[in-house]
Amino acid sequence: MTAFSATFLPTSGSPGPTPAPTHVSPVADPTTDPFAPLPPGDKLLIASGADESKKKAREQAVKDWNAKHPDIPADIFEVEGNTDVQRAKFRDYLDPAAPERVDIVNLDSVHLAEFADAKAQGSPLLVALDEKAPDIPNPITNEVREGFLTKPLLTCYWQDRLYALPYNSDVGLLFFQAGTTVPNKAEELPRILAAAPAGSRRVAIQLSPDEAFVVNVLEQLLEVNENLLNADGSRPKVVQAEWEKALTVVRCKVRDGQLWYRDDGNESAEKDTALAFKREEAVAMRNWPVWFGEIQRKPQVRSLFGPGILGGQNLAVAQKSRHKAQAIELIKFLTSAETQQKLLLEGSFVPTTQKTYEEPLVQDRIPYLTVLRDAVEDARPRPITPDYHEVSEVILRYLYPVVTDDRPLDPNFERVMDAALS
């Protein structure tokens with residue numbers, strides 16, 4: 001695993017103990033006491049993307065909270081649509097002028113900076129959660145932060161302030177059909193493919209014209225040149241020649257059939273890839289860890305040959321919430337090692353806490369656990385910027401024709417990409 005020092009993380013004031021739960025005082029101020037009961041009939045509301053796990057693990061986590069905190073009930077509702085649609089709906093929910101109530105949002109990690117930044121909307125839509133925050137009695141202390149893996153926690157910061165806790169992480173892995181010899185390095189892959197049955201001598205990836213393409217093409221480019229993105233999510237220096245050189249390698253792999261994608265599916269790109277792998281139309285696939293449990297003959301798993309692209313969701317508190325103190329306690333509970341273990345075992349959600357990876361039960365149940373943890377910590381965040389949506393659009397607009405249509409890279413790419421990152 002590539003070493004990654006915690007010094008990359010912003011510091012957030014002097015560490016201090018997290019306030020311990022106490023009995024509810026009859027005269028407690030409900031706006032500042034983290035454990036004050038909510039008014040009768042009121043609930044903490046969590047907006048989240050769809051939970052596709054069979055056991056609805058996220059819903060169960062909220063039920064666990066309700067069982068332990070009956071006076072502070074919570075409910076989770078799903079926001080439908082792809083990443084871009086969800087982003088727009090979350091913005092509507094977080095708008096202080098909108099009538100919809102929301103206390104917590106489960107944001108895709110790439111969108112946190114946008115909603116924490118004041119540039120677009122005049123003031124942050126999220127609450128700062130660290131010790132510098134002036135208006136909360138129960139900040140996320142250094143003691144709490146130290147329990148998380150470095151990379152997922154990194155995506156919860158914007159401008160040296162903590163705005164969320166990482167609910168689950170995600171990173172692409174390589175799955176190989178059961179019985180296949182797993183290559184130790186990229187140079188061995190062509191030999192492995194050549195030895196596979198006819199009709200499956202390829203690696204299935206996701207290149208649909210959306211965020212799936214952005215993630216997959218960046219992963220393939222990082223295999224060629226891992227310096228195209230910075231390890232701490234800061235703004236990378238864009239050099240046209242370096243991107244062109246890496247793109248040439250990726251384009252050739254797609255053209256020659258080593259990298260293969262379905263472009264006629266009716267489901268998500270990830271689901272289409274998994275279906276092709278189940279049908280043994282590919283000897284290997286790049287996909288998210290959640291798909292491991294969907295393959296009947298358990299596949300063999302390894303990390304990507306280069307750094308993966310970090311995915312995942314972060315729990316943030318809405319600035320418009322009427323119950324900020326209680327909402328913060330809820331996100332502490334949902335991101336605790338105990339809850340993370342249940343989310344992994346019941347929903348295949350990638351843990352964000354170090355302790356979860358050390359639990360014997362988890363180690364017994366998840367055969368690729370060490371690979372997974374190392375892949376998360378080796379991964380590259382996509383550039384952490386409130387303008388990530390523009391960055392994503394530039395990658396899609398300029399790189400998609402290069403990879404899928406074998407066209408040369410537009411000479412304006414460096415200028416446009418640099419402008420989107422600035």
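The shortest distance between side-chain heavy atoms of Lys278 and Glu294 falls below 4.5 Å. Taking the side chain as every heavy atom from C-beta outward, Ile104 and Leu334 never approach each other to under 4.5 Å. Counting only heavy atoms from C-beta outward, the side chains of Tyr93 and Lys320 never approach each other to under 4.5 Å. Counting heavy atoms from C-beta on, the side chains of Phe176 and Arg302 come closer than 4.5 Å. Contact check for Arg58 versus Asn168: side-chain heavy atoms found under the 4.5 Å cut-off.
Counting non-hydrogen atoms of other residues, nucleotides and ligands closer than 6.0 Å to NZ of Lys63 gives a total of 12 or fewer. A 6.0 Å sphere centred on CD of Glu100 holds more than 12 heavy atoms belonging to other residues, nucleotides or ligands. Other residues, nucleotides and ligands place no more than 12 heavy atoms under 6.0 Å from the NZ atom of Lys355. Heavy atoms of other residues, nucleotides or ligands lying less than 6.0 angstrom from NZ of Lys245 number 12 at most.
Of the possible donor and acceptor atoms, none in the side chain of Lys151 sits under 3.5 Å from a partner among the backbone N and O of Arg380. Using a distance-only test at 3.5 Å, with no hydrogens or angles considered, no donor-acceptor pair links the side chain of Gln300 to the main chain of Phe175. When atom types are taken as modelled, the side chain of Lys55 and the backbone of Gln60 share no donor-acceptor pair closer than 3.5 angstrom. Ser392 places no side-chain N or O within 3.5 Å of a backbone atom of His389 that could act as its donor or acceptor partner. In this structure, Thr339 contributes its side chain and Ser336 its backbone to no donor-acceptor pair below 3.5 Å. Listed for the Lys271 side chain is no donor-acceptor partner under 3.5 Å among the backbone atoms of Ser268. Although no hydrogens or angles enter the test, the distance criterion places a donor-acceptor pair under 3.5 Å between the side chain of Trp65 and the main chain of Ile72. Formation of a donor-acceptor pair under 3.5 Å by the Asp256 side chain with backbone atoms of Gln258 is not found in this model. Remark: side-chain polar atoms of Glu188 are not paired, donor with acceptor, to backbone N or O of Pro183 under 3.5 angstrom. Proximity of a side-chain donor or acceptor of Arg322 to a complementary backbone N or O of Arg101 within less than 3.5 Å is not detected.
Electrostatic pairing of Glu329 and Lys332 counts as a salt bridge here, judged by a charged N lying under 4.0 Å from a carboxylate O. Ion pairing of Asp387 with Arg235 is absent here, as no side-chain N (NZ or NE/NH1/NH2) approaches a carboxylate O to less than 4.0 Å. Using a 4.0 Å cut-off between a side-chain N of Lys or Arg and a carboxylate O of Asp or Glu, Asp405 and Arg407 qualify as a salt bridge. Salt-bridge formation is not detected for the pair Arg365/Glu359: no Lys NZ or Arg NE/NH1/NH2 atom is positioned less than 4.0 Å from an Asp or Glu carboxylate oxygen. Salt-bridge check for Arg382 with Glu211: passed, with a basic side-chain N closer than 4.0 Å to an acidic carboxylate O. A salt bridge links Lys68 with Glu338; the closest basic N to acidic carboxylate O contact falls under 4.0 Å.
Relative ring orientation between Tyr400 and Phe213 is described as perpendicular, the plane-to-plane angle rising above 60° on a 0-90° scale split at 30° and 60°.
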*Verdict with reasoning, Ser53 to Glu346, per side chain to side chain donor-acceptor pair (under 3.5 Å)*: CA-CA 8 Å; Ser53 62; Glu346 298 176 8; over 6 Å; no
*Show the numbers, then the answer: is there a side chain to side chain contact (heavy atoms under 4.5 Å, CB included) between Leu344 and Phe349?*
CA-CA 5 Å; Leu344 172 61; Phe349 290 105; 5.8 Å; no
_Pair Ser200-Glu280, side chain to side chain donor-acceptor pair (under 3.5 Å): steps then yes or no_ = CA-CA 6 Å; Ser200 68; Glu280 299 187 3; over 6 Å; no
*Would you please test Asn142 and Glu146 for side chain to side chain donor-acceptor pair (under 3.5 Å) and show each step?*
CA-CA 6 Å; Asn142 188 57; Glu146 285 178 346; 2.9 Å; yes
_Stepwise side chain to side chain donor-acceptor pair (under 3.5 Å) test for Gln313 and Asn106_ = CA-CA 6 Å; Gln313 284 78 44; Asn106 187 26; 5.0 Å; no
*Determine, step by step, whether Gln354 and Leu149 satisfy the side chain to side chain contact (heavy atoms under 4.5 Å, CB included) criterion, reporting the C-alpha distance in whole Å, the side-chain angles of both residues, the deciding distance to 0.1 Å, and the verdict.*
CA-CA 6 Å; Gln354 174 61 36; Leu149 297 180; 3.3 Å; yes
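Listed here is the closest heavy atom pair of Asn314 and Pro166: OD1-CA, 3.4 Å.
In this structure, Tyr368 has its ring center under 6.0 Å from that of Phe292.
In this structure Trp291 satisfies the side-chain hydrogen bond (donor to acceptor under 3.5 Å, both in side chains) test together with Asn287, sequence neighbours excluded.
Side-chain contact, Asn230 with Asp232: no donor N or O sits under 3.5 Å from an acceptor N or O. If you check the side chains of Asn216 and Gln220, you find no donor sitting under 3.5 Å from an acceptor. A donor-acceptor contact under 3.5 angstrom links the side chains of Gln206 and Arg286, judged on distance only.
A cation-pi arrangement is not found for Lys185 relative to Phe305, the charged atom failing to lie both closer than 6.0 Å to the ring centre and inside a 45° cone about the ring normal.
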